[in-house]
Peer 1: 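This is the structure, below, for whatever I ask next.
Per chain, numbering begins at 1; letters A, B, ... match sequence-line order.
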Amino acid sequence: MDSIVPCLDLNLYTEPNSSSSTDIPQKITPKIEPIDEPSPFLPSTTHQIPSVTPPSEPDVSSEFNRISELFRTTFAQRLQKYGEVAMLPDVDSNSGAIVPYNNPEAQVANAVISPRVGRKNDQRSSELVRVTDLRPEDHLCFRGRIRRTRLLFDSLRAFLVAQIEKGRDSLTPQRRLRVDLKVAQLMKKQGLWLYRDKRIVGAIPGVSIGDVFFFRMELCVVGLHGQAQAGIDYVPASQSSNGEPVATSIVVSGGYEDDEDAGDVIIYTGHGGQDKHSRQVVHQKLECGNLALERSMHYGIEVRVVRGLKYEGSTHGKVYVYDGLYRVTDTWFDVGKSGFGVYKFKLVRFENQGQMGSVVLKFAESLRTLKLDAWPKGYVSLDLSSKKENVPVFFFNDIDEDHEPLYYEYLTSSRFPLHVYDHGAKGIGCDCVGGCSDICSCANKNGGDFAYDLNGILVRGKPLIFECGPHCQCPPTCRNRVSQKGLRNRLEVFRSQETGWGVRSLDLIQAGSFICEFTGIVLTHDQAQIFTMNGDSLVYPSRFPDRWAEWGDLSLIFSDYVRPVYPSIPPLDFAMDLSRMRNVACYMSHSSSPNVMVQLVLFDHKNISFPHLMLFAMENIPPMRELSLDYGMADEWTGKLSICN
DNA sequence: GAAACTTCATATTT
DNA sequence: CAAATATGAAGTTT
């Protein structure tokens with residue numbers, strides 16, 4: 001069962017008319033582009049290929065029409081010739097040619113990621129599998145694996161960025177470093193790239209539609225798209241059981257001028273034919289990814305689509321969004337805008353998939369500038385914080401008339417008992433008048449490092465972080481003030497059928513960045529006792545598990561990694577009263593695989609028993625996706641995750 | 001806009 | 001002949 005299709009004639013793609021190959025002119029005139037290696041679908045006399053410019057000459061397009069026609073008829077002929085044997089199952093077929101995907105048990109076993117064995121040089125397996133019908137617990141398992149992998153990628157990147165920043169002085173010229181590549185390389189060396197032992201056709205288990213990636217390499221690491229640069233990923237002919245390549249995923253990043261992206265329907269340009277400056281300068285050939293995409297159409301193989309989108313706020317102005325599965329429905333040879341031959345592929349999105357992530361991103365972005373009367377129905381309040389936060393906190397409910405969140409006073413920062421501040425200002429802050437550097441006394445309290453990189457990304461979770469604060473001499477722009485500055489993303493409290501209340505963001509939140517504080521009136525142990533007797537429910541911060549330890553846990557990369565234990569702090573012994581004053585954080589739902597975590601921070605006083613509860617993103621959180629926290633509650637799946645590891 | 005960068009497929013050499 | 005090595009093409013990020 002390891003072959004995807006019965007064997008075909010391996011000579012299918014070699015030039016059938018070998019006698020004529022020596023007649024092909026290498027150069028005719030500077031204006032005419034010879035095709036060095038004619039595809040079998042082109043006429044053997046290639047010197048009639050149209051001139052470079054101008055593209056609009058009538059004989060040019062007619063010549064291309066002729067070639068295009070020939071291309072089509074050759075497809076048809078081949079289909080006629082091989083169609084009856086070369087059939088891969090469609091999604092609903094149970095021919096079994098793709099290694100088992102009708103047996104739920106087998107699917108999981110089949111696609112479980114195991115350490116590479118027996119394969120040399122980190123090569124990917126050529127074995128095609130499709131993973132379907134995941135049970136909820138399977139999905140959680142795969143999701144967890146993706147999550148841990150991405151957590152490692154993101155936090156390893158933050159770590160390396162911080163290291164580089166630290167070693168850099170202002171005199172030496174800045175080296176341009178590709179930290180993303182470094183991260184990918186390190187992870188690959190440790191065998192941490194996912195799905196290398198199977199080629200997955202269709203969805204990657206654990207990757208959801210709408211998942212957002214900041215780096216192209218991250219797509220490789222999670223197995224979504226295996227090419228570091230090329231837009232078409234495929235099983236090469238040499239690895240395929242029948243000698244034919246098969247495409248499994250594409251990235252639509254706008255690098256080709258002839259692409260037409262209408263969302264559900266994409267006219268995708270094949271790759272090749274470009275010069276260093278991404279201009280089409282020669283005709284494309286039907287080979288590599290182009291041929292593979294054509295084969296995927298022939299066999300009805302679904303293709304994953306990732307879109308590269310412009311996005312302000314990303315370090316390089318671009319993000320990648322997984323938009324789901326498409327099928328190739330048509331292909332033809334065309335004259336591109338620059339006048340050279342390009343292969344085109346029509347891709348149509350499968351129905352009944354979730355909304356496209358790229359659409360959600362664009363929608364959330366459009367809300368920035370949209371007039372209020374054009375907003376969707378359901379916005380009860382446009383700012384729960386009444387302008388106390390930097391950005392509005394929206395309140396959305398299109399389900400019922402429950403307006404409860406409106407009835408609380410909004411608290412931007414936790415209110416501690418007065419005695420917490422009762423120590424005088426001596427020895428609290430640093431004296432870095434001109435801005436903080438490595439020798440800053442606050443940095444020293446963190447163990448000699450700043451907890452954040454220059455972009456404000458948390459480098460590594462710690463038991464407690466010391467930020468500079470009101471008692472420091474440094475300016476408010478100091479790099480060591482991140483969580484005290486309040487919201488940066490437009491958050492939204494919303495009514496949900498499943499979770500009652502929930503929180504989501506209208507902005508894309510990058511992994512490792514600060515989201516908001518979890519605020520309330522802080523009660524000492526004794527005060528809390530009295531409250532509990534009155535029947536009021538309180539939140540006990542000590543119940544939040546140490547999720548911070550996961551952010552920046554590099555033990556899989558560096559064998560000498562030790563989990564940070566400094567500074568050691570006593571167990572939290574206070575409660576938070578949310579009965580009158582609260583902020584957006586308390587509406588976050590619980591999850592045992594949360595995308596938000598608690599990091600304790602101190603900045604306006606020095607009592608380590610009463611730190612602020614600051615919330616940071618553990619993943620890249622796309623707009624409109626629900627934020628979740630681990631409140632330390634038992635989870636119904638907890639006992640069933642043993643198949644994971 | 002140029003340089004740095006990595007992977008992969010294929011071609012070539014040992 | 002298999003393994004090692006070289007080359008070119010792919011496109012993103014700084």
Side-chain angles (χ1 to χ4, degrees), chain A residues 10 13-15 36-37 116 118-126 153 157 160-161 164-165 168 172-189 193 195-196 199 213-240 243-259 268-293 295 306-321 340 342-343 453-455 510:
Chain A
L10 289 174
Y13 295 107
T14 55
E15 172 56 68
D36 302 328
E37 298 162 32
R116 305 181 318 280
R119 245 172 322 112
K120 50 188 191 292
N121 299 336
D122 288 325
Q123 266 195 3
R124 282 204 283 177
S125 160
S126 60
F153 187 100
R157 185 177 169 279
L160 291 181
V161 165
I164 291 161
E165 284 171 355
R168 182 148 62 202
T172 47
Q174 295 201 1
R175 277 208 65 200
R176 292 147 186 261
L177 287 172
R178 291 284 303 274
V179 180
D180 54 311
L181 297 181
K182 202 75 197 160
V183 170
Q185 192 188 47
L186 279 168
M187 288 181 71
K188 187 165 198 184
K189 212 165 72 185
W193 287 28
Y195 305 114
R196 296 225 109 207
R199 292 274 191 158
F213 303 80
F214 281 90
F215 299 94
R216 187 64 189 248
M217 286 312 291
E218 223 176 337
L219 304 175
C220 299
V221 172
V222 301
L224 200 54
H225 185 81
Q227 301 284 124
Q229 298 173 237
I232 306 169
D233 192 23
Y234 59 102
V235 185
S238 60
Q239 282 183 38
S240 163
E244 293 187 69
V246 180
T248 51
S249 64
I250 63 167
V251 177
V252 190
S253 51
Y256 283 87
E257 58 191 4
D258 298 310
D259 283 353
Y268 189 74
T269 313
H271 60 190
Q274 292 188 334
D275 68 359
K276 279 265 176 216
H277 312 286
S278 302
R279 287 183 298 237
Q280 291 297 143
V281 288
V282 289
H283 304 302
Q284 290 184 344
K285 296 174 186 170
L286 190 62
E287 59 188 25
C288 301
N290 298 347
L291 181 57
L293 261 184
R295 292 287 81 193
V306 176
R307 280 194 170 77
L309 302 174
K310 274 194 167 52
Y311 196 87
E312 299 298 325
S314 159
T315 49
H316 45 274
K318 204 167 191 182
V319 293
Y320 297 92
V321 188
F340 294 96
V342 291
Y343 285 97
D453 73 10
L454 292 174
N455 292 312
Q510 184 170 3

Peer 1: Rounded to whole Å, how long is the line connecting atom CE of Met217(A) with atom P of dG11(C)?
Peer 2: 15 Å
Peer 1: Any donor-acceptor pair under 3.5 Å between the side chain of Arg178(A) and the base of dT6(B)?
Peer 2: no
Peer 1: Taking all non-hydrogen atoms of both residues, which atom of Arg157(A) and which atom of Phe215(A) are closest, and how far apart?
Peer 2: NE-CZ, 2.9 Å
Peer 1: Compare the minimum distances between each of dA9(B), dT12(C), dA10(C) and the side chain of Lys318(A), then state the nucleotide with the smallest one.
Peer 2: dT12(C)
Peer 1: Is Lys189(A) near enough to dT6(B) that one of its side-chain N or O atoms lies under 4.0 angstrom from OP1 or OP2?
Peer 2: no
Peer 1: Output the rounded distance in Å from CG (Leu181(A)) to P (dC8(B)).
Peer 2: 13 Å
Peer 1: Give a yes/no on whether any side-chain N or O of Tyr234(A) is located under 4.0 angstrom from OP1 or OP2 of dA9(B).
Peer 2: no
Peer 1: Please report the distance, rounded to the nearest Å, between CZ in Phe214(A) and C1' in dT14(C).
Peer 2: 17 Å
Peer 1: OP1, OP2 of dT12(C) versus side-chain N and O of Ser253(A): anything below 4.0 Å?
Peer 2: yes
Peer 1: Answer yes or no: does a side-chain N or O of Tyr256(A) lie under 4.0 Å from OP1 or OP2 of dA10(C)?
Peer 2: no
Peer 1: Base, sugar-phosphate or nothing for Gly272(A)? Non-hydrogen atoms, less than 4.0 Å.
Peer 2: sugar-phosphate
Peer 1: Rounding to a whole Å, what distance do you find between Gln274(A):CD and dA10(C):P?
Peer 2: 8 Å
Peer 1: Which residues pass the ring pair (Phe, Tyr, Trp, His ring centres under 6.0 Å) test with Phe153(A), not counting sequence neighbours?
Peer 2: none
Peer 1: Whole angstroms only, please: what is the CG-P distance between Leu291(A) and dA9(B)?
Peer 2: 13 Å
Peer 1: My understanding is that only residues two or more places apart in sequence, or in another chain, count here; which of them pass side-chain contact (heavy atoms from CB on, under 4.5 Å) with Asp259(A)?
Peer 2: Val252(A), Tyr256(A), Tyr268(A), Thr269(A)
Peer 1: Between Gln227(A) (CD) and dA9(B) (P), how many Å, whole number?
Peer 2: 6 Å
Peer 1: When you measure from the side-chain N and O atoms of Arg196(A) to the phosphate of dC8(B), is any distance below 4.0 Å, counting only OP1 and OP2?
Peer 2: yes
Peer 1: Whole Å only: how far is the CG atom of Asp180(A) from the C1' atom of dT14(C)?
Peer 2: 10 Å
Peer 1: Give the rounded distance in Å between these two atoms: CD of Gln229(A) and P of dA9(B).
Peer 2: 13 Å
Peer 1: Any donor-acceptor pair under 3.5 Å linking the side chain of His271(A) with the backbone of Gly289(A)?
Peer 2: yes
Peer 1: Within a reach of under 6.0 Å around NZ of Lys182(A), are more than 12 heavy atoms found that belong to other residues, nucleotides or ligands?
Peer 2: no
